[in-house]
Amino acid sequence: MTGLIERYRDRLPFAAEDPVVTLGEGSTPLVHAPALSQRAGAEVWCKLEGLNPTGSFKDRGMTCAVSAAVREGARAIVCASTGNTAASAAAYAARAGIRCAVIVPDGKIATGKLAQALMHGARVIALRGNFDLALALVRELAASHPIALVNSVNEFRIEGQKTSSFEIAEALDAELDALCIPVGNAGNITAYWRGFDELGQRPRMLGFQAAGAAPLVLGAPVQAPETVASAIRIGNPARWEDAMNAMTASGGEIRAVTDEQILAAYRLLASTEGIFCEPASAASVAGLLVHGAGDAQRVACVLTGHGLKDPQTALGEAGAVVSCEPDRAAVERAVLG
Ligand SMILES: *Cc1c(COP(=O)(O)O)cnc(C)c1O
């Protein structure tokens, strides 16, 4: 499988001779979701972005951001992260042989993401503050040092991430009517809209924020964002204007879903569709089920990250393990009971 720069080079800002740092990202499955379709009264598809190399869509942006950084001669990259950007940046930096530092909110990132960033050899800095503060600090740092900033304020991130729209359009026989997507820093909704816009398609962009971290819904930054969906625990999105533009231009909406609704969708996906995503990803499905998609016939939900990223939340939501004595009768009772 080729990476997305090679696959879509004619639509990305890379020339044939440019260095490419890739882990074979993109080309993720678009899976029909029969149980969701029935509940939503529409044809629902799930874009499984958790099947990217590091387990989230961030890899699409990262292959472009890190390739561009290498092209410019950067020796190091830096980002603020709720977890997945850190895991992705760390992996692509390792691949490129350059240094990586990530700043994460202390104690607020999922276990799998922390393990990834550390394993890939990044310097992981736990900030006693939230994501918004971390981003403000790395922006200052990158402005005064020769370090490439790989958050989604970096245009190459958006360019890479727009390719998911191309893949969705290629996979479907007819055009999409609506796209449901979780919104945190709002880079991804910006990217999807750009991708569809470049294709001349106009699906309604339905963005969903967690109720405790819903600045775009409230129309004002949230000082202390709080939600179980740690990947979208963001109070002041860097791509605020772009997200509002995607919403308005596509005739879409940005709405809130509660943690309870997010977790219900999270369990439903796992138990009825066989799809294990992380809580933030389930916000797209929660939004579809709670708010609907108007008269849309064909809907895609972006499942942004893999469920294995956050085993702690999963174990807290799932049923209990059945313990068993090692004899046949006990096993029989345990299995059939
Ligand atoms: C980063 C992330 C988001 C939010 O994407 P933005 O571009 O910040 O809006 C949603 N879900 C997951 C799993 C993420 O890692």
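What you see is a predicted model; the values in this text were computed from it and never measured. In what follows, every heavy atom counts, from backbone to side chain, and hydrogens, waters and symmetry copies are set aside. Numbering of ligands and ligand atoms starts at 1, following listing order.
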* Structure fact -> Hits for side-chain contact (heavy atoms from CB on, under 4.5 Å) against Gln38, two or more places apart or cross-chain, chain-then-number order -> none

* NZ or CZ of Arg11 within 45° of Phe166 ring axis and under 6.0 Å -> yes

* Asked: Side chains of Leu269 and Leu36: closer than 4.5 Å at any heavy-atom pair?
  -> yes

* To do: Apply salt bridge (charged side-chain N to carboxylate O under 4.0 Å, His left out) to Arg328 and Glu332, showing your working.
  => CA-CA 6 Å; Arg328 190 192 146 143; Glu332 210 160 59; 2.9 Å; yes

* Does a side-chain N-to-carboxylate-O contact under 4.0 Å join Arg128 and Asp106? -> no

* Does Arg202 pair with Asp177 as a salt bridge, N-O distance under 4.0 Å? -> no

In a simple table, one pair per line, please give the protein and ligand 1 atom names for every N or O pair closer than 3.5 Å, along with the distance.
residue  : atom   : partner : partner atom : Å
ligand 1 : 7 (O)  : Gly187  : N            : 3.1
ligand 1 : 7 (O)  : Asn188  : N            : 2.8
ligand 1 : 8 (O)  : Asn185  : N            : 2.8
ligand 1 : 9 (O)  : Gly184  : N            : 2.8
ligand 1 : 9 (O)  : Asn185  : N            : 3.3
ligand 1 : 9 (O)  : Ala186  : N            : 2.8
ligand 1 : 11 (N) : Thr304  : OG1          : 2.7
ligand 1 : 15 (O) : Lys58   : NZ           : 2.6
ligand 1 : 15 (O) : Asn84   : ND2          : 2.7

